[in-house]
Enquirer: 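The structure that follows is given in the form of structure tokens.
Below, all heavy atoms of this structure are taken into account, side chains as well, without hydrogens, waters or symmetry copies.
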Amino acid sequence: MTETDASRQADLFASLKRGARIALAAGTLLLAACQSIVPKGPAPTTPSGPVGPTGPEVTQGLPTDTLRHRVALLVPMSGPNAGVGQSIANATTLALMDTKTDKVRITTYDTALGAAAAANRALAEGNRLILGPLLAEDARIIGPIAARTNVPVISFSNDASAAGGGVYIMGYNPNQSIERVVGYARDKGLSRFAALIPRGTYGERAGNALLRAVEQAGGTVVSMQNFDRGPASITAAVKKLQAASSYDALLIADSGRVALQIAPIVRKNGGATARLLGTELWNTEGTLAASPVLRGAWFASVSDTLYGQLAGKYRARYGTSPFRLSSLGYDSVLLTVRIAQDWKPGSPFPTARLRDSGGFSGIDGAFRFGRTGVAERALEVSEVGAGNVTVIAPAPRSFAE
């Protein structure tokens, strides 16, 4: 993970802000070219702990297994990111249980003990696909190691620069959320855009994404100001916006928590009527709707339609709420199970299947890997209301829409 991942962690890895209900048939397999379900039925209630041979278990060696596909899950199981790693690992167990597959064996390796060591061990033990790692810097280490044996890597990082050379990026890309919300705002008649951009890697990429998105949408960026996360720096940046030009839409390219601090200052300093826009980071901030100054704000993110049921099953089994990134672990397993239907055990993973132009559908909605290896996602636009957050532009159900 670069600073992009690190700056998001407190917000992006938070638990989901709202639940959801679905009513779909239990026998259909998820990820069948954009036909999706979360299998129904009672949530498992067995306590957490060591999982059987098809679950995420850190082992010292694998027995001979010629009937199942060996898939490695590389996530931090110790150290500061252990909670996120465990949450992803637990979600892979739920995915295996929900699909009732007997074709896939997942073994977890702790990247906190060394990304290269984890990758080498996973490959030595015959794994033909790597799910993870979480951090972009680990993906850059693991990618070349895996490429030597033609084993693809599906990383949970959001850093697009780590993609390529057999590494695929599943994380939520801020560029896409900015493009989606800017396009929606432009469609609603807003044309003069301003932005408050945090200093650092995430902010730099968000600023570049805004410039491209506004240009493509036919609008104008009238001012863009950088800030540190201190009150004085935020206030100074807002006042520079006010002095530069009037604007009718303002992107706050930071977490929902930071947006809660910035919005009152904006409203008092030249942005009283501006439409506030946010990024995918806002999706995990559950207190947005309690702020009157954020009412009417728009942000784009992955759909939450199915995540509520996953979170409910997770709590029932493990007694705690998952990190939001757990859905990436769940979806990566479902994708694997889908492809495993036509994948002969012991043979190389059919990497070309990952580049299906029709894409796949999972907990987070429709997605597909482009030629760069970055997951392109169908995103919804939400509006902050008085006590609630409402979807005002649903995510497309497939890339054919």
Side-chain angles (χ1 to χ4, degrees), residues 2-4 7-8 158-164 169 171-227 237-238 240-255 258-259 262-263 266 270-271 273-283 296-302 357 359 366-383 392-396 399 401:
T2 63
E3 183 181 348
T4 305
S7 67
R8 303 175 64 195
N158 72 328
D159 188 345
S161 68
I169 297 297
Y172 315 125
N173 191 304
N175 294 9
Q176 295 175 23
S177 72
I178 292 171
E179 180 179 355
R180 175 76 162 109
V181 75
V182 165
Y184 181 82
R186 190 72 187 91
D187 288 343
K188 296 302 180 181
L190 304 180
S191 62
R192 297 174 60 80
F193 293 82
L196 291 169
I197 307 294
R199 290 188 173 89
T201 304
Y202 181 88
E204 179 180 348
R205 290 175 180 164
N208 290 335
L210 176 72
L211 292 172
R212 289 193 300 270
V214 172
E215 180 181 8
Q216 292 172 1
T220 303
V221 176
V222 297
S223 183
M224 184 183 301
Q225 301 298 329
N226 297 106
F227 67 93
V238 172
K240 288 179 182 178
L241 282 182
Q242 182 181 18
S245 181
S246 61
Y247 51 90
D248 49 26
L250 172 64
L251 174 71
I252 302 177
D254 211 319
S255 68
V258 174
I262 292 177
V266 169
T273 61
R275 179 75 66 173
L276 300 184
L277 308 178
T279 74
E280 83 292 346
L281 298 182
W282 288 26
N283 188 42
W298 297 333
F299 66 93
S301 67
V302 295
S357 61
F367 70 97
R368 64 181 175 186
F369 293 106
R371 61 178 181 79
T372 63
V374 177
E376 176 187 353
R377 294 186 174 276
L379 304 179
E380 64 186 18
V381 178
S382 297
E383 180 174 289
I392 54 176
F399 293 98
E401 295 185 14

Enquirer: Calculate, to the nearest 0.5 Å, the distance between atoms CZ and CZ belonging to Arg377 and Phe399 respectively.
Expert: 8.5 Å
Enquirer: If we ignore hydrogens and angles and just use 3.5 Å, is the side chain of Arg192 paired with the main-chain N or O of Ser246 as donor and acceptor?
Expert: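 Confirmed, Arg192 side chain pairs with Ser246 backbone.
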Enquirer: Rounded to the nearest 0.5 Å, what separation is found between the CG atom of Asn175 and the CG atom of Leu210?
Expert: 10.5 Å
Enquirer: Tell me, do Phe227 and Leu196 make a side-chain contact under 4.5 Å, heavy atoms counted?
Expert: yes
Enquirer: To check you understand the geometry: which heavy-atom pair defines the closest contact between Pro174 and Asn158, and what is its length?
Expert: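 That would be CD-ND2, 4.0 Å.
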Enquirer: Check whether any side-chain heavy atom of Phe367 lies under 4.5 Å from a side-chain heavy atom of Val302, and answer yes or no.
Expert: no
Enquirer: What is the distance from atom CD1 of Ile169 to atom OG of Ser161, rounded to the nearest 0.5 Å?
Expert: 8.0 Å
Enquirer: So do the side chains of Gln216 and Glu179 get within less than 4.5 Å of each other, counting heavy atoms only?
Expert: yes
Enquirer: Would you give the length of the straight line joining atom CG of Leu277 to atom CG of Leu250, rounded to the nearest 0.5 angstrom?
Expert: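 Result: 7.0 Å between the selected atoms.
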Enquirer: Look up atom CD1 in Ile262 and atom CG in Asp254, then write down how far apart they are to the nearest 0.5 Å.
Expert: 6.0 Å
Enquirer: If you compare all heavy atoms of Leu190 against all heavy atoms of Ala249, which two are closest, and at what distance to 0.1 Å?
Expert: CD1-CB, 4.0 Å
Enquirer: Distance-only, no hydrogens or angles: does the Gln176 side chain make a donor-acceptor pair with backbone N or O of Leu379 under 3.5 Å?
Expert: no
Enquirer: Between the main-chain N or O of Gly296 and the side-chain N or O of Arg275, is there a donor-acceptor pair closer than 3.5 Å?
Expert: yes
Enquirer: Which pair of heavy atoms, one from Leu241 and one from Ser223, lies closest together, and at what distance?
Expert: CD2-OG, 3.2 Å
Enquirer: Could you pull out the closest heavy-atom pair between Ala206 and Ala253, with the gap in Å?
Expert: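 Scanning both residues completely, I find the closest heavy atoms to be CB-CB, 3.8 Å.
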Enquirer: Is the backbone N or O of Gly359 less than 3.5 Å from a side-chain atom of Glu376, with the two atoms forming a donor-acceptor pair by type?
Expert: no
Enquirer: How many angstroms lie between CD in Glu280 and OG in Ser255, if you round to the nearest 0.5 Å?
Expert: 10.5 Å
Enquirer: Do you know the tightest heavy-atom contact between Ala366 and Pro396?
Expert: CB-O, 4.2 Å
Enquirer: Using 30° and 60° as the class limits, which term best fits the ring planes of Trp298 and Tyr184: parallel, tilted or perpendicular?
Expert: perpendicular
Enquirer: Please test Val381 against Arg180 for side chain to side chain contact (heavy atoms under 4.5 Å, CB included), starting from the C-alpha separation and ending with a verdict.
Expert: CA-CA 8 Å; Val381 178; Arg180 175 76 162 109; 3.8 Å; yes
Enquirer: Knowing that exactly one of Asp159, Thr279, Ile197 qualifies, which makes a side chain to side chain contact (heavy atoms under 4.5 Å, CB included) with Tyr202?
Expert: Thr279
Enquirer: How far apart are the closest heavy atoms of Tyr247 and Gly271, and which atoms are they?
Expert: OH-CA, 3.5 Å
